[in-house]
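To keep things clear, I will list the structure first and then write my remarks on it.
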Amino acid sequence: KNLSDFFEKACRLGLVKCSTDNGAGGLSSSVGEMAQLSGGAEIHLDRVPLKYSGLKPWEIFVSESQERMNLAVEPQHLDELLTLAEKYEVEATDIGSFTSSGFLDVRYGERRVAYLDLEFLHDGVPQKTMVAEWKKPDVDEPDIPDEKNYNDILLKLFGSLNICSREEIIRRYDHEVKGKTMIKPLMGSNGACPQDAAVMRLNFESFQGIAISNGIVPQYGDIDAYHMSAGAFDEAVRQIIAVGGKLPDPGHPDAGFWSVNDNFCVPDSAYHEKTNPDGKYKLAQLVRMCQALFDMATEFNIPMTSGKDSMKNDFVKEGVKISVPPTILYSMVAKVDDVRKTMTSDYKSPGDLIYLIGKTRDELGGSEFYRLHGKLGAHVPVVRKTDAIAIYRKMMAANDEQLIASCHDISNGGMAIALAESAFGNKLGVDIELERGDLSLNAILFSESHSRFIVSIAPDNRDAFETLMGAHCTFLGSVTEDPVISIKMGVESIVNIETSRLLNAWKNGLKF
C-alpha cells in the first residue's frame, strides 16, 4: 500500500518518466525491456536491496521477489523522488542508468558479470516453432420448442452457478475503502441489484472517477475461441458504457482514457502424439483468441497495458488428462469525468418506460438456456464491431442529455434475466409486451447476443430518447409498482412471477 501511494504521488508530480514491474525474470526482463527505449542500460547489482544475504549476482539479476517496480527517472528529479520515497517509507534505490550503448551492461562492484547485445537479447534467439490447426467443431443447433410458461425456467436460471448472486463472496471484501465507491457491486434501496461495473471517485477534491469492469465468457470457447475472446472484450466495454463511461475519441485526446489487462488461462498447446494429441487444435484456439484481442483493441482504440498468461492448465494423474477450456478475462478501467453522471442498473420509479437497446439474434450457442437443457449449440454470439460502437456512442449521448434512469447490460441468460435483475433493487416489477418477429420465443428471451442493454427512462423523455436512439431501441413496456415480472406476447402470458421468488432463487444459488 505504501508503494502504491508513493507511486501515485510520484506520477502526479511528474517525477516518473517510465515504469514497469518486476515480474518473470526480475530485473533481467524489466530493465532489459525498458532498455530498448533508450538503446541500452547499465545496472549495478551490488546496489540492489536484498531480502536475503549472500545472493550471487545472477540470482539478484533474475530473482522474482514481489512488490518491486523499476522507474526511469530524469537526473534532475532523482533527489525529489528519493525524498518522497522516504516520506512514504518506501525503499528506493538508484541502481544504474539508461544508455545508448546498444548493450545491457550488468555489473557487480568492479566486475562486469554480463554484457548482452540488446538486438540479440530481444530478436536474436531462434523462436520456437509450433503448429496450429483450426477446424470448426462439429456441433449442431438443438431443436428446443417454445414453452407456454417460462416461470420455472427463470427460477432455474437464476439459481444457476453462472447467474446467481455472488453476495456470499462480495461481502467478504471491503469495497467501501475511504468512502470513494460510487457504484458498488450491489445497489438499490435493499442492496440487492447486481451492477455491471464499479465506479470509484479518485479523490475528494474533484468528481472525477474510474469505472472498472470485467469480461469473461469461457462457455463460448467450445464453439469458437475467436468469438469467445471478442465477446469477453465487448462485455467489459459495454459494462463501462452501461454505467456512463465514454469510449476513447481520437478527435478529443482528453476524452475517454481506457486501459485493458488481458488474462489468458489456456491448456498446454504443444502437440505430442501420446501426451497431447489435440495440441495443434488447442494452439489454434489460442491463436484465434489473440486475433480477436487484436481486432477488438484496434477497432475500439483501447490499449492493452498489461496482462497475465497461464499456459499449462492441465490436470494429469494416472494417465488421465483434464484440460481447462481456453479462457480469457479482460479487466478494463476507464476514466469517468463526473461520477455524478453515472447510471446504475436498478429501475428507479413505477411508470418508467423500458427499452431494449441493440439487436437480438438467433445466438443461443453456449448460452445458459442451452446449458440448462444439456446442450451446446452452434450459433455462438458474434460481436459486430461497427454496430457496437454506433450503439455505444448513442448511449453516451443519451447519458450526456440525462435521458436514462437505469441501464443494465444483457449477458448471461439473455434479456429475460436482465429485465428481472433490474427489478431486484427497489422491489419493483415490469409489464412487458413482446412482438413475435422472425425469432423463436426462446431466442427472444434468452439469446445472449452482444452489445445490448435494458434501459429505463422517465416518460417525459420518451420523444427525445427515441429520436436520439432511432432504430437501435425497441420499446418493451414499463416499470410497475406491483413487484411481478410480467411478460406477454399478445394475449398470451409468457412469464408471470413475483420478483421476490426470482430474487430468492438468485440469492441462494451458491448455498448448498
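Being a predicted model, the structure only gives us computed values, none of them experimental. Counting begins at 1 with the first residue of the sequence.
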Nearest-0.5 Å distance that lies between atom CG in D337 and atom NZ in K246: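 That separation rounds to 7.0 Å.
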Distance from D21 atom CG to S306 atom OG, nearest 0.5 Å? 6.5 Å
So which heavy atom on [X] is nearest to which on [Y], and how close?
X: A423; Y: I485; result: CB-CD1, 4.0 Å
X: M395; Y: V455; result: CE-CG2, 3.8 Å
X: I454; Y: A418; result: CG1-CB, 3.9 Å
X: P381; Y: G365; result: CD-O, 3.4 Å
X: F465; Y: I404; result: CE1-CG1, 4.1 Å
X: L502; Y: A420; result: CD1-CB, 3.9 Å

Is the backbone of [Y] close enough, under 3.5 Å, to the side chain of [X] for a donor and an acceptor to pair up by distance?
X: R393; Y: A388; value: no
X: R501; Y: I497; value: no
X: N426; Y: Y347; value: yes
X: T342; Y: V339; value: yes
X: D140; Y: P142; value: no
X: Y220; Y: V382; value: no
X: D482; Y: V484; value: no
X: S213; Y: A236; value: yes
X: S367; Y: L364; value: yes
X: N508; Y: N504; value: yes

[atom1] ([X]) with more than 12 external heavy atoms under 6.0 Å:
X: E168; atom1: CD; value: no
X: R371; atom1: CZ; value: no
X: Y173; atom1: OH; value: no
X: E64; atom1: CD; value: yes
X: K282; atom1: NZ; value: yes
X: K488; atom1: NZ; value: no

Side chain to side chain, [X] and [Y], heavy atoms closer than 4.5 Å:
X: Y330; Y: L293; answer: yes
X: L439; Y: T360; answer: yes
X: F300; Y: W258; answer: no
X: L434; Y: L441; answer: yes
X: E421; Y: T499; answer: no
X: F264; Y: L286; answer: yes
X: L247; Y: I240; answer: no
X: L428; Y: P350; answer: yes

List the steps, then state whether salt bridge (charged side-chain N to carboxylate O under 4.0 Å, His left out) holds for R288 with D224. CA-CA 8 Å; R288 289 178 67 78; D224 193 323; 2.9 Å; yes
Side chains of [Y] and [X]: any donor to acceptor distance under 3.5 Å?
X: N412; Y: Q219; value: yes
X: N313; Y: S310; value: yes
X: T305; Y: S259; value: yes

Matching residue for H472 among D387, L356, I391 - test: side-chain contact (heavy atoms from CB on, under 4.5 Å): I391
Does the side-chain hydrogen bond (donor to acceptor under 3.5 Å, both in side chains) test come out yes or no for T181 and E176, once each step is laid out? CA-CA 6 Å; T181 308; E176 302 286 356; 5.0 Å; no
Would S449 and E363 count as a side-chain hydrogen bond (donor to acceptor under 3.5 Å, both in side chains) here? Give the steps. CA-CA 6 Å; S449 295; E363 294 177 328; 2.7 Å; yes
Might you work through the side chain to side chain contact (heavy atoms under 4.5 Å, CB included) test for M343 and N399, ending with a clear yes or no? CA-CA 8 Å; M343 304 173 285; N399 188 44; 3.5 Å; yes
Output, in order, the C-alpha distance, side-chain angles, deciding distance and verdict of side chain to side chain contact (heavy atoms under 4.5 Å, CB included) for M304 and N261. CA-CA 6 Å; M304 311 301 298; N261 290 340; over 6 Å; no
Check the orientation of W134 and Y281. Use parallel for under 30°, tilted for 30 to 60°, and perpendicular for over 60°.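 Because their plane-to-plane angle is under 30°, the rings of W134 and Y281 count as parallel.
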Please evaluate residues V383 and M296 with respect to the criterion side chain to side chain contact (heavy atoms under 4.5 Å, CB included), reporting the C-alpha separation (whole Å), side-chain torsions for both, the decisive distance (0.1 Å), and the verdict. CA-CA 9 Å; V383 179; M296 295 294 289; 3.8 Å; yes
If you look only at pairs with a residue in [range], which of them pass as a salt bridge (charged side-chain N to carboxylate O under 4.0 Å, His left out), with sequence neighbours excluded?
range: residues 299-328; result: D268-K312
range: residues 346-359; result: D346-K348
range: residues 232-244; result: D234-R238, R238-D409
range: residues 462-479; result: R462-E466

With sequence neighbours excluded, give me every side chain to side chain donor-acceptor pair (under 3.5 Å) pair touching residues 427-441.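 Matches after skipping sequence neighbours: D146-R436.
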With a 6.0 Å cut-off on ring centres, are Y355 and F453 close enough?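 Not close enough - the centres of the two rings lie 6.0 Å or further apart.
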Output, in order, the C-alpha distance, side-chain angles, deciding distance and verdict of salt bridge (charged side-chain N to carboxylate O under 4.0 Å, His left out) for K9 and D5. CA-CA 6 Å; K9 183 69 172 180; D5 290 344; over 6 Å; no
Evaluate the side chain to side chain contact (heavy atoms under 4.5 Å, CB included) criterion for residues Q195 and T344: first the C-alpha distance (whole Å), next the side-chain angles of each, then the deciding distance (0.1 Å), finally the verdict. CA-CA 7 Å; Q195 302 302 304; T344 57; 3.2 Å; yes
Anything under 3.5 Å between a donor and an acceptor, one on a side chain of residues 155-164, the other on a protein residue two or more places apart or in another chain? List them.
residue, atom, partner, partner atom, Å
S160, OG, L157, O, 2.6
N162, ND2, E368, OE2, 2.9

